[in-house]
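Contents: one structure, followed by commentary.
The model shown is predicted, which means the values in this text are computed figures rather than measured ones. Residues: numbered from 1 along the sequence shown. Each ligand, and each atom within it, is numbered from 1 in the order the structure gives.
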Amino acid sequence: MKSRTKVVVIGGGIAGCSTLYHLTREGWNDVVLVERNELTSGTTWHSAAQVTNFGMNQTMVGLKSHSIRLYKELAENPDYPINYHHGDGGIRMANTEAQMQGYRHFASMARGMDVHFEVIDADECARRHPLVSTENLLGGLWDPLDGDIDPAQLCQALAFHARKAGAEVYRNTPVTALTQHRDDTWTVHTEHGDIDCDIVVNACGYRVNEVAAMMQVHHPVASMEHQYFLTEDIPEIVQAGHRMPLIRCPISDYYCRQEKNGLLIGFYEQGCKTWGMDGIDPNFVNALCPDDLDRITDVLEGAFARMPALMEAGIRSVINGPITYTIDGAPLVGPIPGKRNAFCIIGLRAGLGEGGGHGWLLAQQIVHGEACYDTWCLDPRRFTGHANVELTSLKAIEDYQNEFRFHFPHEHRPAGRPAKTTPLTPVLAAEGAEFTVVNGWERVDYIKPRADFHPSLSFDFDEAFDLVKREVENVRDNVGLCEVNGFNRFEITGADRHAFLDRLACGTVPKRDGRVGLGYLLNHHGRIKCEATFANLPAGDRGPARVWYGSAAASEFHDMDWLTAHLRDGEDVAIRSLTNEQTILVLAGPNARQVLSACARGDWSKETFPWLSVRECFIGFAPATVMSVSFSGELAYEIHVPNASLYAAYLAIREAGKPFNLSLFGARAVESMRMEKGFFHWKADLLTEFDPFETGLDRFVKLSKGDFVGKSALEALAARGAARKMVTLHVDTARAPAPGGASLMLGGKVVGTITSGDWGHRVGMNLAYAFVDTDQAEAGTRMQLDLCGDLTNATVIPASPYDPEFSRLRS
Ligand SMILES: Cc1cc2nc3c(=O)[nH]c(=O)nc-3n(C[C@H](O)[C@H](O)[C@H](O)COP(=O)(O)OP(=O)(O)OC[C@H]3O[C@@H](n4cnc5c(N)ncnc54)[C@H](O)[C@@H]3O)c2cc1C
């Protein structure tokens with residue numbers, strides 16, 4: 001066994017084997033995998049091992065495409081051939097129009113990744129799968145590349161090729177402890193000796209938290225028991241003369257695929273069970289949970305009704321094993337929050353299909369610092385302090401019960417709520433607030449007209465449309481108040497704070513006390529990493545001179561990792577998170593100044609407190625920090641208040657607002673207004689796949705300043721010229737907003753991808769942002785949006801169609 005290597009991957013299931021393999025493909029050959037037992041002896045060996053191309057966003061579709069390509073390549077490699085049923089095809093069923101509409105959207109989104117799904121009707125489903133009854137079936141989504149693979153052979157093949165490239169695999173070698181050294185390298189202690197290494201990867205499946213504890217962290221991963229059974233031969237399958245396509249059925253919560261001349265059928269029963277919550281028997285190796293067919297009788301009946309031939313089929317064997325889940329159903333693949341040189345690839349609930357792609361994206365992150373796709377949807381830092389196994393288990397149960405039912409736009413399911421609130425949450429609920437969830441925070445979406453107001457789940461504009469319109473109109477004409485909780489905020493102190501930020505931001509960082517600026521931090525590839533507001537607060541009774549660094553609600557762990565990774569030895573900089581201590585009240589509209597003046601002493605005139613100013617004050621008697629910044633495009637103030645005095649500040653503002661027609665507004669109104677202003681959302685529009693020039697942020701880049709992270713890469717990118725450009729589009733329909741991921745077409749070719757879309761209530765237009773091919777980026781260019789299957793005209797328009805001179809927010 002080696003005593004030193006570059007990377008130690010812990011765990012020899014699909015996650016670990018794929019990571020090891022891809023590290024060698026990225027050129028790192030001095031890498032090792034350690035496995036406590038034999039390869040695949042966790043969950044992987046008994047997986048149903050279906051390999052679909054279907055995903056909810058382009059990153060997921062792209063990584064699954066990689067799996068499929070790789071598995072095909074491996075299967076055909078004579079050095080170590082494996083069994084892979086590639087391209088049997090698969091149907092995801094639907095019995096509601098809304099589901100069919102969703103499938104049309106996912107087909108539009110996948111087309112942008114060169115993946116071609118088909119939405120088919122019920123008769124076509126039955127034609128392609130002869131065992132299927134069309135009773136209560138509208139149709140489904142056809143995935144032509146769906147198939148299944150032998151999971152053990154797959155892992156052995158990955159290990160074989162990795163070994164051939166120089167990697168080493170140590171079986172029957174449990175990791176017993178981990179030590180991190182002062183230079184951030186690690187020692188991995190095993191039952192057979194120690195291995196020093198630069199980087200560790202936790203790929204330990206359902207034992208993830210045993211190894212996490214060795215590095216003093218805890219991952220939000222919970223396991224569920226999951227069952228499938230294998231049937232005896234079914235005559236209809238023998239007679240069909242072709243392999244059966246796979247089925248995934250959200251109507252009756254089951255899936256199936258062909259296994260020999262019978263079926264493998266798996267179930268997602270409502271009375272499901274978590275597993276291993278109080279620890280896992282160390283001897284649970286190559287093991288299964290006891291069969292429990294009684295638990296699945298509810299879903300079994302649905303499967304019988306859909307496939308009557310099943311009623312006659314005998315059961316050959318039952319498999320019941322643990323499967324891991326996270327809070328939002330997607331795995332945790334990337335850097336471990338708060339740790340250096342530590343990565344994980346965990347929480348895989350469809351790890352066989354996805355594992356090839358996850359290992360690929362993780363290896364890229366380890367070797368190059370970033371992957372070819374934006375990996376935020378997989379990033380372990382996307383959940384912050386609220387994320388724990390208890391909460392995850394509630395979401396896991398909910399997810400399991402809804403396994404094949406995708407989330408609609410604006411859909412937030414009830415489990416694990418409320419996770420994060422402020423003192424205002426019950427107050428706003430009493431005012432009729434409907435809440436959306438942002439990284440666990442309950443945030444006002446809009447104010448409901450009555451308690452039983454429940455808009456339908458749809459990709460179309462829903463019944464809240466007119467409510468949002470009225471909220472926007474009152475912000476435009478009078479003044480509105482909105483709580484923005486969970487917004488990330490770091491306090492950065494120390495004499496070197498500006499030099500430090502200057503080294504990270506690609507543009508100018510304001511240095512004068514009382515001034516605010518927006519800035520972008522790039523990765524080493526010159527592409528967008530973080531977006532932040534910098535506010536300079538002078539020394540005073542509330543603290544020393546400091547910068548408040550504000551960024552998106554879910555960015556706390558991500559941005560903290562990035563900032564602290566760039567601190568230099570001896571640099572006088574301290575960073576402290578205030579995210580959970582303070583909340584923002586946004587006051588926006590032409591009457592905002594009068595309302596603020598009525599509840600806070602001092603001169604708030606345009607001359608003394610112009611746009612992009614910051615000042616400490618009291619709202620009534622509540623301490624607050626006010627910034628004149630605007631995401632709505634109206635005159636606006638962000639009022640940052642410690643949570644302890646949030647209610648007091650709220651009461652003071654509401655009282656002061658009475659003569660000025662102040663009303664509440666929520667996140668949906670904000671979304672509409674920011675679209676009219678050309679303002680972006682981090683991780684919807686601001687992605688690691690694009691540089692600031694491609695994103696239209698030229699005015700925030702200053703190449704003439706000194707060096708900054710990503711500068712030389714950005715210069716190289718700029719010299720090469722952009723392949724895609726961010727544009728604003730007018731979408732020619734009032735039926736539905738353009739959903740993120742949807743494809744823009746020209747002459748039958750995909751020329752762009754939507755990042756955000758919403759109705760602009762002040763301009764009366766359906767607006768969208770999209771990255772399009774550079775030659776399609778001129779204002780006036782017309783193309784067609786594949787809007788849930790309907791080709792809809794879309795025209796490039798100049799950014800910021802509402803108040804393009806930005807005069808209202810400076811007024
Ligand atoms: C019944 C069932 C059906 C499924 N069907 C499908 C399907 O159709 N398609 C699909 O894509 N997915 C499916 N899955 C999910 C899929 O099987 C898993 O996502 C995948 O196998 C997880 O792989 P892994 O590598 O993350 O974990 P594991 O396979 O559990 O591997 C983790 C490894 O880490 C090792 N390890 C743990 N602790 C240590 C330590 N201290 N030191 C060294 N090694 C350690 C373990 O021994 C183990 O080998 C199914 C799961 C189940 C239960």
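Distance alone, capped at 3.5 Å, is enough to place a donor-acceptor pair between the Thr5 side chain and the Asp30 backbone. Within the 3.5 Å criterion, the main-chain N or O of Pro322 finds a donor-acceptor partner in the side chain of Thr43.
Sorted by chain then number, the residues whose non-hydrogen atoms approach ligand 1 to under 4.0 Å are Ile10, Gly11, Gly12, Gly13, Ile14, Ala15, Val34, Glu35, Arg36, Asn37, Ser41, Gly42, Thr43, Thr44, His46, Ser47, Ala48, Ala49, Gln50, Pro174, Val175, Ala203, Cys204, Gly205, Arg207, Val211, His226, Tyr228, Tyr255, Gly321, Pro322, Ile323, Leu348, Arg349, Ala350, Gly351, Leu352, Gly353.
Residues His242 and His129 place their aromatic rings such that the two centres sit no closer than 6.0 Å.
Donor-acceptor pairing under 3.5 Å is recorded for the side chains of Thr179 and His189. No hydrogens or angles considered: a donor-acceptor pair under 3.5 Å links the side chains of Ser65 and Asn53.
Counting only residues at least two apart or on different chains, the ring pair (Phe, Tyr, Trp, His ring centres under 6.0 Å) pairs with a member in residues 260-280 are Tyr206-Trp275, His226-Tyr268, Phe229-Phe267, Tyr255-Tyr268, Tyr268-Tyr400, Tyr268-Phe404, Trp275-Phe284.
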